[in-house]
Amino acid sequence: MTTTTETMQPNQNRDEANHIRIFDTTLRDGEQSPGCSMNLEEKLRVASALEAMGVDIIEAGFPIASNGDFEAVSEIARTVKNSTVAGLARANKKDIDRAWEALKHAARPRIHSFISTSPLHMEYKLQMEPDAVHDRMVETVSYARNLCDDVEWSPEDGTRTEHDFLCRCVESAIKAGAGTINIPDTVGYTTPEEFHELISMLMNRVPNIDKAIISVHCHNDLGLAVANSLAAIRAGARQVECTINGIGERAGNAALEEIVMALKVRGDIMPYYTNVVTEQITPTSHLISTITGFSVQPNKAIVGANAFAHESGIHQDGMLKHAGTYEIMTPESVGLNKSTLVMGKHSGRHAFKAKLAELGYELGDNEMQDAFVRFKDLADKKKDVYDEDIIALVDDQMMRANDRIQFVSLQVIAGSKGPQSAELELTIDGELKSTKSTGDGPVDATFNAIKSLFPHEVKLQLYQVHAVTEGTDAQAQVTVRLEEDGKTVNGQGADTDTLVASAKAYIHALNKLLVKREKSAPAALSA
Ligand code: KIV
Ligand code: ZN
C-alpha cells in the first residue's frame with residue numbers, strides 16, 4: 001500500500017488500452033433534473049469549460065426535446081472543437097434526424113440513441129415485445145450510422161435487463177454500427193460487485209464486443225454511482241458517463257470529479273488515465289453551482305468547501321509536519337488555490353486587464369471599460385479584492401448584458417421597527433420606472449417593488465445567499481429560482497449589499513423567464 005500523495009504517484013501507463021473516456025452529461029442528464037435548467041448562453045459557457053477541462057465527449061442535450069435544446073446542441077456543435085459533441089435520440093427516425101440536424105456541423109459529432117430493454121420498461125413503458133424492441137434498435141442504430149460515423153447505443157434500464165436479451169441486443173447493436181455501447185444503471189439499483197459481474201459477462205459472452213467501447217452510466221439512488229463506475233472500469237469499461245458535482249435526475253449521476261480523482265490518486269491499484277486537466281475541476285464545479293443554484297454540500301468529496309479543511313488540532317499538527325499525513329491529494333491538483341489578493345483601489349486598468357486574462361476572461365473594449373468601472377466601485381467599498389470577487393463581478397455583468405429589465409438603484413429601510421420598505425428604480429425595455437413598496441422584511445419589500453413595476457405571477461422556489469469571500473465586507477452572491485407553469489429558471493446577482501444582490505438575482509431570473517416564455521413548449525417525451 002502506498003502512503004504518498006497523488007502528486008508523487010508514478011505516471012499511469014498512458015497506453016490507449018488504459019484510457020478512460022470521460023463522457024460528460026451535465027448538459028443533458030444533469031440539466032434535465034428539476035431546477036437545473038440553463039439558457040443558451042449558460043450552456044455555451046459550460047460547454048467551453050468542459051472542453052477546456054479536457055472532457056472527451058460532451059453530451060450537449062436532447063435535440064427533439066424542445067427548440068431550446070435543439071438550438072443549444074447546434075450552437076455547442078458549432079463552437080466546440082476538441083471534444084466530441086453528442087446529442088440524445090430515442091429509437092425513432094424523427095428523433096435521430098433532429099439530433100443529426102443539430103450535430104452535423106460539429107468537428108466530431110456523435111448520435112446517442114437509446115431504448116429500454118428491461119422487462120418492466122418494455123411491458124409498461126414501451127408496451128412492446130422484446131423482439132420488436134430488438135428490431136427497432138437494429139433499424140434505428142443502422143439509420144443513425146448512415147448519418148453519422150460515431151453512434152452510441154444505450155439499453156435503458158440495462159442493469160435490470162435479462163442477460164440473454166442484453167447480450168443479443170449488444171451484439172446486434174455493434175453489428176448495426178454502434179461504436180460505443182453504454183450500459184446504464186438508470187435507476188441506481190446495482191452494486192459494485194454485481195455491476196462488475198455484468199460488465200465481465202458482456203465482455204466474455206458477446207462475440208464482437210472487441211469492436212466497441214463499453215461505457216457505463218450510473219445513477220446515484222443508493223449512493224453507489226461512483227463505486228459502480230469504478231467497478232465497471234476494472235471489468236473492462238473504457239468510457240464513463242458522469243456530471244459535474246454529480247447533478248442529475250433524482251439523486252443525481254456519478255460525479256465526474258470523484259471518478260477522475262479516484263483514478264488519479266489510486267493509480268497504484270487502478271492503472272488507468274483520463275484526459276481531464278484536474279486543475280480545472282474546482283472552477284468548473286463553481287460555474288455549475290452558480291448557474292444552477294445547486295450549491296455543493298460542504299463535505300462533498302473533491303469540491304466541497306471542507307474537502308481540504310483541517311480543523312482538529314491533531315490534524316493541523318500532522319499537516320504542518322507533512323501534508324501527506326492527512327491529505328491524499330493536493331488542493332492545487334483540483335484547482336483549489338488559496339484566495340489571492342489581487343488589487344485595491346489604486347490598481348490601474350492595465351493590471352486589471354492582465355488579471356482578467358489570467359482568470360480566463362476576454363472582454364471587448366466596452367465590456368472592459370464597464371468591468372473596470374465596477375471594479376473601482378467595488379474596491380472603494382471593499383478593502384481587499386480577491387480573484388473570487390473579480391469572477392463574481394464579471395460574471396454578474398456578463399449575465400445581464402441583453403436583459404429587458406435592468407436594475408438601476410435600490411434604497412431600503414430595514415430593521416425591527418417595521419414596516420420595511422424598498423424604493424426601486426429599473427429600466428424596462430429602456431424606459432426608466434420607479435416605485436416604493438413595503439413587505440414582511442427588506443427582501444420581501446424589494447421583491448414586491450419588482451412585482452409592482454413589472455406585474456407577474458410566479459412561485460419563488462429558492463432564495464439563497466452565499467458570501468463570495470470571507471469578512472463582513474464580502475460580496476453576497478444571491479441565487480433566486482422562479483417557477484411558472486412548471487418551468488423553472490435560476491437568476492444570480494452579486495454585490496457588497498445583500499439586498500442589491502437579491503434584487504439583481506430576482507430580476508435576472510425574471511428576464512430568463514421572459515426568454516423562456518417566448519420559446520416553444522417542449523414536445524412530449526414518452527420514450
Ligand atoms: O439513465 C439513463 O438510462 C439515461 C439513458 C438515456 C442513457 O440517461
Ligand atoms: Zn441517466
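All ligand and atom numbering here is 1-based and tracks the order in the structure. Here the structure is a predicted model, which means the values were calculated and not measured. Residue numbers count from 1 along this sequence.
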Within-cut-off N or O pair, [X] and ligand 1, under 3.5 Å:
X: Thr186; answer: yes
X: Asn182; answer: no
X: His217; answer: yes
X: Asp157; answer: no

Can you check whether Tyr506 and His456 have ring centres sitting under 6.0 Å from each other?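 Yes; His456 has its ring centre under 6.0 Å from that of Tyr506.
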Between Tyr273 and His19, ring centroids under 6.0 Å: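 Between Tyr273 and His19, the centre distance is under 6.0 Å.
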Would you indicate which of Gln32, Arg28, Glu156 comes nearest to atom 8 (O) of ligand 1 when only heavy atoms are counted?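 It is Arg28 that holds the nearest heavy atom.
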Return yes if a side-chain donor-acceptor contact under 3.5 Å exists between [X] and [Y], otherwise no.
X: Gln239; Y: Glu241; result: yes
X: Ser154; Y: His112; result: yes
X: Glu249; Y: His219; result: no
X: Asn306; Y: Asn299; result: no

At under 4.0 Å between heavy atoms, which part of His219 makes contact with ligand 1: side chain, backbone, both or neither?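 For His219, the contact with ligand 1 is made by the side chain alone.
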Count of N, O or S atoms belonging to protein, less than 2.8 Å from the Zn ion (ligand 2):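 That number is 3, waters not included.
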Measure from NZ or CZ of Arg98 to the centre of the six-membered ring of Phe70, then state whether that distance is under 6.0 Å and the direction lies within 45° of the axis.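 Yes - Arg98 lies over the ring of Phe70, closer than 6.0 Å to its centre and within 45° of its axis.
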Go through it in stages, so that I can follow the logic: the residues are Asp95 and Lys93, the test is salt bridge (Lys or Arg N to Asp or Glu O under 4.0 Å), and I'd like the CA-CA distance, side-chain angles, deciding distance and then a yes or no. CA-CA 6 Å; Asp95 273 39; Lys93 292 181 179 169; over 6 Å; no
Could you check whether any side-chain N or O of Thr190 sits under 3.5 Å from a backbone N or O of Thr159, counting only pairs where one atom can act as donor and the other as acceptor?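 No; judged by distance alone, with no hydrogens or angles, the pair does not exist.
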